[in-house]
Q: 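Encoded as C-alpha cells, here's the structure I'll be asking about.
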Amino acid sequence: MITRASSIQKNVVDEKFLQMEFADGDLAGGKNLVYESRERFGENVRKFCEHFVQVGGTVLMLGRPQAGAVWEVVSSGRRANDENLHSTFDDAAPFNDGDSDKQSQSKRFHIPQPRSLLAPEDMASHRTINVEADNFSGNGGKVMQLAPGDPLSAHASPSTTKSIGFIWRSLASVEAVLAGDVDTCRDEGGGDTWTVHAIPCSCVIDTSSRGASRSAAADFCCSLLQVYPSSEVDITMESEGQVNGTFVYEGASAAAYEMREKPTVIFVLGGPGSGKGTQCARIVENYGFVHLSAGDLLRAEVASGSEHGVMLQNMMKEGKIVPAEVTVGLLQAAMAKSGKNKFLIDGFPRDEDNRLTFERVTGIIPEFVLFFDCPEDVMEKRLLNRGEGRVDDNVETIRKRFKVFSCQSVPVVDYYERLAKVRKVKSTYPPDMVFTNIKPYFTKFLEADVLDATRKLVKAIDNGDSLTYRKFVDEKLTAYEPEAQGHLVEGLPFHLLWLDTVDQNTQEDKRVISRICSPWVRLLGENAAIVGYARLFQAAKGPVVSTSNETRVWERRKSEDGAFEWKLVHLHRTTAPMWDT
Ligand SMILES: Nc1ncnc2c1ncn2[C@@H]1O[C@H](COP(=O)(O)OP(=O)(O)OP(=O)(O)O)[C@@H](O)[C@H]1O
Ligand SMILES: Nc1ccn([C@@H]2O[C@H](COP(=O)(O)O)[C@@H](O)[C@H]2O)c(=O)n1
C-alpha cells in the first residue's frame with residue numbers, strides 16, 4: 001500500500017480517518033504501509049504512522065529528508081521483520097528517545113538516506129525494474145502495456161508547465177510500474193525524450209538547448225533527487241557543449257527552490273446556485289488565489305466558436321457533464337496562462353471522470369475541497385433570480401442539474417470525504433456570514449505568504465536589490481539591529497545605504513549569502529504577523545561565517561491595485577553566538 005503525504009491532511013489524523021482509509025483486514029494483518037513522501041513531514045504524519053504501528057502495521061518512510069526533518073522507520077515490535085528492515089537500511093542506527101514504554105511497543109530508527117521506492121519484499125528479491133528509452137511511443141496518450149519490471153520511457157512536452165505535470169506523471173509511472181499498475185502508466189507524449197534507465201537510475205536529458213525544456217529538465221532532476229538518494233541517481237544533461245551532471249544538479253536545486261511545490265489547488269463544489277462563484281470572488285480578493293470556474297471556461301469556449309462549441313452548448317443546455325478531456329484541457333491552459341500557483345477551481349470535479357482525468361493529466365492532488373451545503377429549494381430560488389441570462393438557468397434545466405449533482409458530483413465529494421479533505425460550509429446564511437465561516441480554512445495561506453515575503457526580502461538584501469527591497473518595506477520601518485548600536489532606527493536610508501554597498505560585482509566565491517533556518521510565524525489577526533528565524537550567513541563557497549536571530553513584524557494592506565500585500569514595519573536583529581564544531 002502506498003500512501004502519499006498529501007492524503008494525510010493536517011489535523012485530521014484520527015480514528016475515523018484510519019478506519020475509513022484502511023480496511024480492518026489491512027490493519028489486523030499487520031500489513032506494510034510504504035509511506036512515500038515528497039513533502040515535509042508534519043506532526044500528524046508521525047502520529048498517523050505511530051497509530052498504524054500500534055495496530056500492528058509496519059511503516060517504511062521513503063524519500064528525501066527536508067532540512068531538519070527526521071526520517072524514521074517505525075516498525076512494530078510485534079512483528080518479526082526488524083531484520084528485514086535492518087538489511088534494507090543497513091546504515092540505520094537505532095534511535096533511543098528515552099521513552100522505554102514506547103520502545104517496547106515499537107522501535108524507531110533514524111535513516112540518514114532513504115534507499116529506494118521498493119517495498120521490502122521487492123528489495124529482498126533485488127528485482128531490478130528497468131525504466132528505459134524507446135519502448136514507449138507516447139503520442140496521443142497511449143496506454144502502455146506494462147507488467148512489473150517492464151521497461152518504460154516517457155516523453156515530455158517542451159512547455160515548462162506541461163513538463164512539470166509530466167515530471168509528476170513520470171514519477172507516478174515509475175511507481176505504477178513498481179505496483180504493476182498498468183492503468184496509471186499513461187503519458188501525453190510529444191517533445192523531448194527523457195530517459196530513466198533503472199533504479200538505481202540514471203537519467204539522460206536532451207535539452208536541445210531550449211530554455212523551457214532545460215528548466216523543465218532541471219525540475220525533473222530535482223524531482224528524481226527528491227525521491228531517490230543522489231548516490232543512486234546519475235544525471236547527465238546533453239546539449240551543445242555537453243553540460244555535465246554537476247550543472248544539472250545545481251540547476252535542479254535552484255529550480256526546486258523556485259518551484260518548491262506543485263500548484264496549490266482547492267476544488268470548490270456545491271450544488272448549482274449554492275454560492276460557489278460568490279464566495280470565490282471573496283477568497284480571491286482576500287487570499288490571492290486565481291479563480292477558475294469550469295462552467296465559465298466552458299461558456300467562453302462556446303462563445304469563442306471553437307470546434308466543440310455546438311456540442312458543449314447542447315450538453316450544457318441539458319445540464320449534462322461535458323467530456324473531462326475538454327474541461328481539464330481548458331483548466332490546464334488557464335492555469336498555465338495565469339503564471340500563478342494558487343488556484344480555486346470552481347464547479348470541478350463534477351464526476352469521477354473529471355477527477356481521475358485531472359489527477360492523471362496534471363498529477364495534482366487538491367489541498368482540500370471547499371463544499372457549500374445548501375438545500376435545493378434555496379438554490380432554485382437563487383438561480384431563477386440570478387439574471388445573468390444563462391441558457392441553463394430555467395426551471396427545467398435547473399432540476400436536471402440538481403439530479404446530475406446528486407448522482408454524479410456527490411460521489412466525488414464522498415470520495416474526498418473519505419480522504420478527510422472536505423471542508424463543509426453551510427451556505428444558506430447571508431454571503432458575509434458564509435465568508436466568515438470559510439476564513440479559518442485559509443489562515444495557513446496567510447502564514448505561507450508572509451513567510452514567502454520574508455524569504456524574498458532576505459534574498460533582495462543578499463543581492464543588494466534595493467528595488468525589490470522597497471517593494472516589501474514600509475517607508476517608516478523601525479529597526480533595532482547591532483549596526484545601530486542600541487538605537488531605534490526609523491525610515492529606510494540607514495538600510496538602503498547598506499544595500500547599496502553590497503557589491504553585486506563581487507567575485508562569486510567571495511559573496512556572502514544567507515539562509516533562513518527554523519522559521520516560525522505568528523498571525524495577529526488577519527492583517528499582522530510576526531516572523532522569527534535564525535539567519536545563517538555563508539560565504540558562497542565556504543562555511544557559515546556568522547549567524548543572527550531576526551524578528552520581523554509585517555502588516556497586510558491593500559495596494560493601489562486592490563490586492564493585499566505584506567509590508568515590513570519593524571525589524572529586530574541580534575547577533576547570535578557561534579558554536580565551535
Ligand atoms: N449566501 C447567499 N445568500 C443569498 N444569495 C446568494 C448567496 N450566495 C449567492 N447568492 C446569489 O445566488 C445566485 C447564485 O450564486 P452563485 O452564482 O455564486 O452560485 P454558484 O454556486 O456559483 O452557481 P453555479 O453552479 O450555477 O455557477 C447569485 O445570484 C448570487 O448573488
Ligand atoms: N466540470 C464541469 C463544470 C461544468 N460543466 C457544464 O457547465 C454547466 C454550468 O456549470 P456551472 O458550474 O457554471 O454551474 C454545467 O451544468 C455542465 O453542463 C461540466 O460539464 N463540467
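Order of appearance sets the numbers: ligands from 1, and atoms from 1 within every ligand.
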Q: Give the intermediate values and the outcome of ring pair (Phe, Tyr, Trp, His ring centres under 6.0 Å) for residues Phe405 and Phe402.
A: CA-CA 5 Å; Phe405 176 72; Phe402 286 160; 8.2 Å; no
Q: Can the positive tip of Lys421 be found less than 6.0 Å from the middle of the six-membered ring of Tyr416, inside 45° of the ring normal?
A: no
Q: How close does the nearest protein non-hydrogen atom get to atom 10 (N) of ligand 1, and which residue and atom is it?
A: Arg382 CD, 3.9 Å
Q: Could you list the atoms of ligand 1 found under 4.0 angstrom from a heavy atom of Ser274?
A: 21 (O)
Q: Would you call Lys276 a ligand 2 contact, heavy-atom distance under 4.0 Å?
A: no
Q: Consider ligand 1: state whether an atom of it lies below 4.0 angstrom from any non-hydrogen atom of Gly270.
A: no
Q: Between Tyr415 and Arg355, is there a cation-pi geometry (under 6.0 Å to ring centre, at most 45° from the normal)?
A: yes
Q: Distance to 0.1 Å, residue and atom name: give those for the protein heavy atom nearest to atom 19 (O) of ligand 1.
A: Gly275 N, 3.3 Å
Q: Given that the side chain starts at C-beta and the backbone is N, CA, C, O, which of these parts of Asp392 lies under 4.0 Å from ligand 2, counting heavy atoms, or is it both or neither?
A: side chain
Q: Going by the order shown, which atoms of ligand 2 are within less than 4.0 Å of some heavy atom of Val322?
A: 19 (C), 20 (O)
Q: Against ligand 1, does Gly295 come closer than 4.0 Å with any heavy atom?
A: no
Q: Do any nitrogen or oxygen atoms of Leu383 come within less than 3.5 Å of a nitrogen or oxygen of ligand 1?
A: no
Q: Hey, is Glu285 close enough to Lys558 for a salt bridge, meaning N to O under 4.0 Å?
A: yes
Q: Could you identify the single nearest non-hydrogen protein atom to atom 1 (N) of ligand 1 and state the distance to 0.1 Å?
A: Tyr429 O, 2.8 Å
Q: Under 4.0 Å from a heavy atom of Phe348: which atoms of ligand 2 are those, numbered in the order shown and with their elements?
A: 1 (N)
Q: Could Lys317 and Asp392 be called an ion pair, given the rule that one side-chain N must be under 4.0 Å from one carboxylate O?
A: no
Q: For residues Leu568 and Glu555, determine if any side-chain heavy atom of one lies less than 4.5 Å from a side-chain heavy atom of the other.
A: no
Q: Between Thr454 and Trp554, do the side chains contain an N or O donor and an N or O acceptor separated by less than 3.5 Å?
A: yes
Q: Does the pair Arg399 and Glu380 meet the rule for a salt bridge (charged side-chain N to carboxylate O under 4.0 Å, His left out), with working shown?
A: CA-CA 8 Å; Arg399 297 208 173 142; Glu380 183 172 310; 2.8 Å; yes
Q: Using a 4.0 Å cut-off to any heavy atom of Ser427, which atoms of ligand 1 qualify?
A: 1 (N)
Q: Are the charged groups of Asp393 and Arg401 less than 4.0 angstrom apart, N to O?
A: yes
Q: Any N or O of Gly273 that comes nearer than 3.5 Å to an N or O of ligand 1?
A: yes
Q: Give the residue and atom name of whichever protein heavy atom lies nearest to atom 16 (O) of ligand 2, and the separation in Å to one decimal.
A: Arg350 NH2, 3.8 Å
Q: Salt bridge or not for Lys444 and Glu367, using N-O below 4.0 Å?
A: yes
Q: Ligand 1 and Pro272, any nitrogen or oxygen pair closer than 3.5 angstrom?
A: no
Q: Could you tell me, atom by atom, which parts of ligand 2 come under 4.0 Å of a heavy atom of Gly347?
A: 1 (N), 2 (C), 3 (C)
Q: Please tell me whether Phe343 and Phe289 form a close aromatic pair, meaning their ring centres lie under 6.0 Å apart.
A: no
Q: What is the nearest protein non-hydrogen atom to atom 13 (O) of ligand 2, stated with its residue, atom name and distance?
A: Arg299 NH2, 2.9 Å
Q: Answer yes or no: is there an ion pair linking Lys439 with Glu526, defined by an N-O contact shorter than 4.0 Å?
A: yes
Q: Of the protein's non-hydrogen atoms, which lies at the shortest distance from atom 22 (O) of ligand 1, and what is that distance?
A: Gly277 N, 2.9 Å
Q: With respect to atom 9 (C) of ligand 1, which of Thr278, Val268, Leu269 exhibits the smallest heavy-atom separation?
A: Thr278
Q: Closest by any non-hydrogen atom to atom 1 (N) of ligand 2: pick that one out of Thr397, Asn354, Asp393, Ile398.
A: Asn354
Q: Tell me, which protein residue and heavy-atom name are nearest atom 27 (O) of ligand 1, and how many Å apart are they?
A: Arg390 NH1, 3.3 Å
Q: Looking only at non-hydrogen atoms, which of Arg386, Glu388, Lys276 approaches atom 29 (O) of ligand 1 most closely?
A: Arg386
Q: Does ligand 1 have any atom sitting under 4.0 Å from a heavy atom of Arg401?
A: yes
Q: What protein heavy atom sits nearest atom 6 (C) of ligand 2, and how far off is it?
A: Leu298 CD1, 3.7 Å
Q: Run the contact test for Gly347 against ligand 1 with a 4.0 Å cut-off on heavy atoms, strictly below, and give the result.
A: no
Q: Between Glu565 and Arg556, does any NZ, NE, NH1 or NH2 come within less than 4.0 Å of an OD or OE carboxylate oxygen?
A: no
Q: For atom 14 (O) of ligand 2, tell me which residue out of Arg390, Lys317, Met316 has the closest non-hydrogen atom.
A: Arg390
Q: With a 4.0 Å cut-off, would you call Asp296 and Arg390 a salt bridge?
A: no
Q: For atom 17 (C) of ligand 2, what's the nearest protein heavy atom and its distance?
A: Lys320 O, 3.2 Å
Q: Taking the six-membered ring of Phe372 as reference, does the NZ or CZ atom of Lys276 fall below 6.0 Å from its centre and within a 45° cone about the axis?
A: no
Q: Salt bridge between Arg418 and Asp414, side-chain N to carboxylate O under 4.0 Å?
A: no
